There are 2 protein chains.
Amino acid sequence: MADLTQLKTEFTDLSDFLVALGDEKRQAIIIALLAENACHGLRVTDLTAVTKLSRPAVSHHLKILKQAHLIKSRSEGTRNYYYLSHDIKEIRALKQLLDHVTAIIETSGRETK
Amino acid sequence: MADLTQLKTEFTDLSDFLVALGDEKRQAIIIALLAENACHGLRVTDLTAVTKLSRPAVSHHLKILKQAHLIKSRSEGTRNYYYLSHDIKEIRALKQLLDHVTAIIETSGRETK
DNA sequence: TTGTTTGGTCTAAATTTTTAAACGATTGCT
DNA sequence: AGCAATCGTTTAAAAATTTAGACCAAACAA
């Protein structure tokens with residue numbers, strides 16, 4: 001029997017990350033940031049064009065993505081450049097969680113309680 | 001430059017799955033189903049105890065989990081047993097998507113446009 | 001048949017999330 | 001200083017999600 005307590009914390013720790021990835025508008029932002037060669041990043045105004053959203057709405061989604069540790073920002077004068085975090089540890093954590101789940105699923109049924 | 005069109009479809013195809021995994025109550029349901037040795041599965045009434053939710057609420061979450069292909073159900077008379085799908089292809093798809101993203105992130109910056 | 005158990009659905013209420021208008025703060029330009 | 005541009009925040013409205021009460025249908029037992 002696998003460690004369900006740890007699995008529980010793995011799940012809750014990744015909640016924000018999963019929710020952040022689930023939204024279509026945020027997916028569009030992520031893809032736009034991936035399209036940029038991550039050199040300079042994109043500004044809020046650029047992303048309003050991509051998402052067809054108002055600037056405050058984009059700002060809101062950027063905050064969610066930031067809290068999920070997906071993106072970072074850099075200021076140059078009045079302009080803020082957003083770019084994908086170079087090393088997203090949540091990605092590794094999520095892959096690990098998925099492996100744990102599949103492991104439990106596959107072994108279940110073999111060991112008769 | 002990676003195929004962003006494919007990445008886009010990968011993301012949208014996994015939206016339901018990601019949203020389903022993001023909710024705490026649904027995570028509790030998943031863990032409860034993992035705890036069961038997947039032999040007989042759990043019924044709605046069992047899950048109301050686990051989640052401290054009303055039956056209609058649990059029923060609602062189960063529907064979402066079902067649409068995300070995470071769980072299946074089996075009927076025996078009046079009782080319905082829910083269990084985790086034995087083979088969740090979304091898990092493989094998600095791991096693949098995560099690999100694609102990391103690949104793009106890591107190669108970006110090297111190739112100067 | 002009658003009553004009980006199980007559980008889905010319908011409906012509406014409560015909550016959360018998403019959105020944008022208005023405002024303010026900062027930077028840079030003239 | 002005065003003006004324009006950029007963008008975060010606050011606020012409130014709109015939209016979506018979550019929740020539970022009430023109702024209904026099917027299966028089973030007495």
Side-chain angles (χ1 to χ4, degrees), chain A residues 11-12 14-33 36 39-85, chain B residues 11-12 14-33 36 39-85:
Chain A
F11 260 117
T12 52
L14 284 170
S15 281
D16 287 349
F17 185 71
L18 291 165
V19 169
L21 285 182
D23 184 84
E24 266 198 43
K25 298 295 173 63
R26 289 191 287 266
Q27 290 177 355
I29 291 176
I30 292 169
I31 288 172
L33 293 180
E36 271 306 287
C39 303
H40 33 292
L42 291 175
R43 288 179 296 154
V44 179
T45 317
D46 302 328
L47 293 169
T48 57
V50 175
T51 58
K52 286 161 186 170
L53 244 44
S54 72
R55 198 178 47 62
V58 172
S59 207
H60 171 243
H61 287 302
L62 287 174
K63 195 191 290 184
I64 291 175
L65 289 171
K66 204 168 203 174
Q67 285 170 348
H69 305 121
L70 266 158
I71 64 173
K72 297 185 175 180
S73 64
R74 163 179 54 91
S75 297
E76 277 182 23
T78 65
R79 42 209 94 187
N80 295 4
Y81 292 92
Y82 292 88
Y83 55 95
L84 288 171
S85 172
Chain B
F11 260 118
T12 52
L14 283 170
S15 281
D16 286 350
F17 185 69
L18 291 165
V19 170
L21 286 182
D23 184 87
E24 265 198 43
K25 296 295 173 64
R26 289 192 286 267
Q27 289 177 355
I29 291 177
I30 292 169
I31 289 172
L33 293 180
E36 270 306 287
C39 304
H40 34 290
L42 290 175
R43 289 177 296 157
V44 179
T45 316
D46 302 328
L47 293 169
T48 56
V50 174
T51 58
K52 286 162 186 168
L53 244 44
S54 71
R55 197 178 46 62
V58 173
S59 206
H60 171 245
H61 287 302
L62 287 173
K63 195 190 289 183
I64 291 175
L65 289 171
K66 204 169 203 172
Q67 285 168 347
H69 305 121
L70 266 158
I71 63 172
K72 298 186 174 179
S73 65
R74 163 179 54 90
S75 296
E76 279 182 24
T78 64
R79 43 208 95 183
N80 295 4
Y81 292 92
Y82 291 89
Y83 56 94
L84 289 171
S85 171

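Every chain is numbered from 1, with letters handed out A, B, ... down the list of sequences. Computation of the quantities below employed the complete heavy-atom set of this structure, encompassing side-chain atoms and omitting hydrogens, waters and symmetry-equivalent molecules. Predicted model, so just to flag it, every value in this text is computed and none were measured.
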Q.
Within this structure, what is the CG-CG distance for the pair A/Leu33 and A/Leu65, rounded to the nearest 0.5 Å?
A. 8.0 Å

Q) Roughly, in whole Å, what's the span from OH in A/Tyr81 to C1' in D/dC7? A) 13 Å

Q. With a 4.5 Å heavy-atom cut-off, do A/His61 and A/Leu53 have their side chains touching?
A. yes

Q. Considering all heavy atoms of both residues, which atom of B/Leu47 and which atom of B/Ala32 are nearest to each other, and what is their separation?
A. CD2-CB, 4.1 Å

Q: Please name all residues satisfying salt bridge (Lys or Arg N to Asp or Glu O under 4.0 Å) with A/Arg79, sequence neighbours left out, ordered by chain then number.
A: none

Q | Nearest-0.5 Å distance, CG of residue A/Leu70 to CG of residue A/Leu62 | A | 11.0 Å

Q. Quick one: OG on B/Ser73 to OH on B/Tyr83, what's the gap to the nearest 0.5 Å?
A. 7.0 Å

Q. Expressed in angstrom and rounded to an integer, what is the separation of B/Asp16 atom CG from D/dA16 atom P?
A. 15 Å

Q. By a strict heavy-atom criterion of less than 4.0 Å, which residues belonging to residues 64-79 of chain B are in contact with DNA chain D?
A. B/Ile64, B/Gly77, B/Thr78

Q) Among B/Val50, B/Thr48, B/Leu42, which one satisfies side-chain contact (heavy atoms from CB on, under 4.5 Å) with B/Asp46? A) B/Leu42

Q | N/O donor-acceptor pair under 3.5 Å between A/Arg26 side chain and A/Val19 backbone | A | yes

Q.
I'd like to check the side chain to side chain contact (heavy atoms under 4.5 Å, CB included) partners of A/His60; sequence neighbours left out, ordered by chain and number.
A. A/Ile64

**Q.** All side chain to side chain contact (heavy atoms under 4.5 Å, CB included) counterparts of B/Ser15, not counting sequence neighbours
**A.** A/Glu24, A/Gln27

Q. When you list every nucleotide of DNA chain C with an atom under 4.0 Å from a heavy atom of chain B, which one comes first 5' to 3', and which comes last?
A. C/dT6 to C/dT9

Could you list the protein-to-nucleotides 19-23 of chain D atom pairs, N/O on both sides, closer than 3.5 Å?
residue, atom, partner, partner atom, Å
D/dT19, OP1, B/Lys25, NZ, 3.3
D/dT19, OP2, B/His61, NE2, 2.3
D/dA20, OP2, B/Ser54, N, 2.6
D/dA20, OP2, B/Ser54, OG, 3.0

